[in-house]
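All of these numbers come straight from a predicted model, not from anything done at the bench. Below, all heavy atoms of this structure are taken into account, side chains as well, without hydrogens, waters or symmetry copies.
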Amino acid sequence: MLKIHFSGEDILRTRVAPAADPVWELVLSLHVLRGRTRDPLTANWRRSVARDLRQDASSEQLRLLFALSPPRGYFPDFLTPYASVEGFEAGLDALRRTPAELLHRDLSVLAAENQLPSSAAALARGEVAVLHHLAESMEQYRSLAISPYWSRIQAAVAADRARRARALLDGGVEGLLTSLRPAMRWDSGVLEVRNYPHSRELHLDGRGLLLVPSFFCAATPVALLDPALPPVLVYPVDRLGALVSADAGAASGAGRDSLAALLGRTRAAVLEASDEGCTTGEVARQLNISPAAASQHATVLRNAGLLVSHRERNSVLHTLTPLGRAMLDA
């Protein structure tokens, strides 16, 4: 179990990442791609990415990246720099500037349980060319495995952020931390992460905690090993259906049929009401329609891929997908 200890100052400085973190999603997707899980929601993604990697003549260049991200257990802290909260390029820039002592330390931990290629030794020495090669490999892998699916990943993370925002408004930061159950439990200033692979205690010491909702995070949240780094806790979100590329989702006959059913002012109003997250009851009150009618319209919008819905206790919260937001803006 991982126990994270909060002071009053830590509670004030705790926040949720502003969007899906592209570097964390990239690294954690490598674990899903090569792990033993048979999650049906990522099965098509795994097959498609594996096929593309086999067909890509330059995929051998990814060997070091794959070696640094084994399907189970520890992976280096330097692969997911804190700066990635500002975006993919900011994360890669920070990766390229990783000090040699941190590279050596992290790779020594990794090498204790994994066989690494010879290029890892050069990386551990801080050779700039190898660091740049690693960054290029991450860009290459991202174009194959992450970018075509990014809108779906963003939608799942945005829906989770709406849930956390509602919990924060209703119960403050303690309400936010309590909402992370059942994978985590908040009690008397301590956030307990259940089923964590190692027994650890992390004292935030006034730094606060950055909560990073992640599509590719498995059932167990992830924290950095080095307690001196800015505290980060990555946790899984509901995946909101199977992971398909944006092109595949747009081309499906079911999607076209559902979109055809959207015509009408009331559904457009439901879509607009859900812009910042709205429960079924709030939609009904705002539009002066019955809760049953609000639920029916939300179902049509959800089936068309324009809304995502999540049950929280006795209510269902609806939020826009990227497609829904684009349609609303148009």
Within a radius of less than 6.0 Å around NE2 of His104, do more than 12 heavy atoms belonging to other residues, nucleotides or ligands occur?
-> no
Residues Gly91 and Pro81: closest non-hydrogen pair is O-CG, 3.2 Å
Any side-chain donor paired with an acceptor under 3.5 Å for Tyr141 and Ser147?
-> no
Is the closest side-chain heavy-atom distance between Ser214 and Val157 below 4.5 Å?
-> no
Quick one: do the Ser274 and His318 side chains pair a donor with an acceptor below 3.5 Å?
-> no
Decide ring-ring contact (aromatic ring centres under 6.0 Å, His included) for Phe6 and His203; before the verdict, give the C-alpha distance in whole Å, the side-chain angles of both, and the deciding distance to 0.1 Å.
-> CA-CA 7 Å; Phe6 289 72; His203 293 266; over 10 Å; no
Trp186 side chain near Arg181 side chain, heavy-atom distance below 4.5 Å = no
Contacts under 3.5 angstrom, residues 187-194 side chains, donor-acceptor by atom type, not counting sequence neighbours:
residue : atom : partner : partner atom : Å
Glu192  : OE1  : Arg185  : NE           : 3.3
Glu192  : OE1  : Arg185  : NH2          : 3.0

From Thr178, Thr14, Leu209, residue fulfilling side chain to side chain contact (heavy atoms under 4.5 Å, CB included) relative to Val173 | Thr14
Would Leu134 and Leu68 satisfy side-chain contact (heavy atoms from CB on, under 4.5 Å), going step by step from the backbone distance to the final call?
-> CA-CA 10 Å; Leu134 177 60; Leu68 297 180; 3.8 Å; yes
Distance-only donor-acceptor check, side chains Asn195 and Thr220, under 3.5 Å = no
Should Phe88 and Leu26 count as side-chain neighbours, where that means a heavy-atom distance under 4.5 Å?
-> yes
For residues Asn114 and Tyr74, determine if any side-chain heavy atom of one lies less than 4.5 Å from a side-chain heavy atom of the other.
-> no
Partners of Asp275 by salt bridge (Lys or Arg N to Asp or Glu O under 4.0 Å), sequence neighbours excluded?
-> Arg325
Hey, could you give me the CG/OG distance between Leu62 and Ser137, rounded to the nearest 0.5 Å?
-> 5.5 Å
Is it the case that one hydrophobic cluster holds both Val232 and Phe78, taking links as side-chain heavy atoms less than 4.5 Å apart, direct or via other members?
-> yes
Going only through I, L, V, M, F, W and Y residues with side-chain contacts under 4.5 Å, is there a path from Val316 to Leu320?
-> no
When rounded to the nearest 0.5 Å, the distance separating CG of Leu79 from CG of Asp106 is 8.5 Å
Examine distances only and state if a side-chain atom of Arg207 and a backbone atom of Leu204 form a donor-acceptor pair shorter than 3.5 Å.
-> yes
Could Arg152 and Phe215 be counted as a cation-pi pair, given that NZ or CZ must be under 6.0 Å from the ring centre and within 45° of the axis?
-> no
Interatomic distance, Leu92 atom CG to His132 atom NE2 [nearest 0.5 angstrom] = 10.5 Å
Residues which pass side-chain hydrogen bond (donor to acceptor under 3.5 Å, both in side chains) with Asp160, listed by chain and number, not counting sequence neighbours | Arg164, Tyr235
Going by heavy atoms in the side chains, are Arg161 and Val237 under 4.5 Å from each other?
-> no
Do His5 and Glu201 get their side chains close enough for a donor-acceptor pair, meaning under 3.5 Å?
-> yes
Test salt bridge (charged side-chain N to carboxylate O under 4.0 Å, His left out) applied to Glu101 and Arg105, step by step | CA-CA 6 Å; Glu101 59 269 24; Arg105 181 201 62 188; over 6 Å; no
Heavy-atom check, side chain of Ser48 versus side chain of Tyr149, under 4.5 Å | yes
What pair of heavy atoms forms the shortest contact from Ala223 to Leu2, and how long is it?
-> CB-CD2, 3.9 Å
Does Arg96 pair with Asp93 as a salt bridge, N-O distance under 4.0 Å?
-> yes
Distance in Å, Ser295 OG paired with His297 NE2, rounded so as to fall on 0.5 Å steps = 10.0 Å
Would you give the length of the straight line joining atom CG of Leu233 to atom CG of Leu224, rounded to the nearest 0.5 angstrom?
-> 9.5 Å
With the side chain counted from C-beta on, respond yes when Val130 and Leu64 share a heavy-atom pair under 4.5 Å apart, and no when they do not.
-> yes
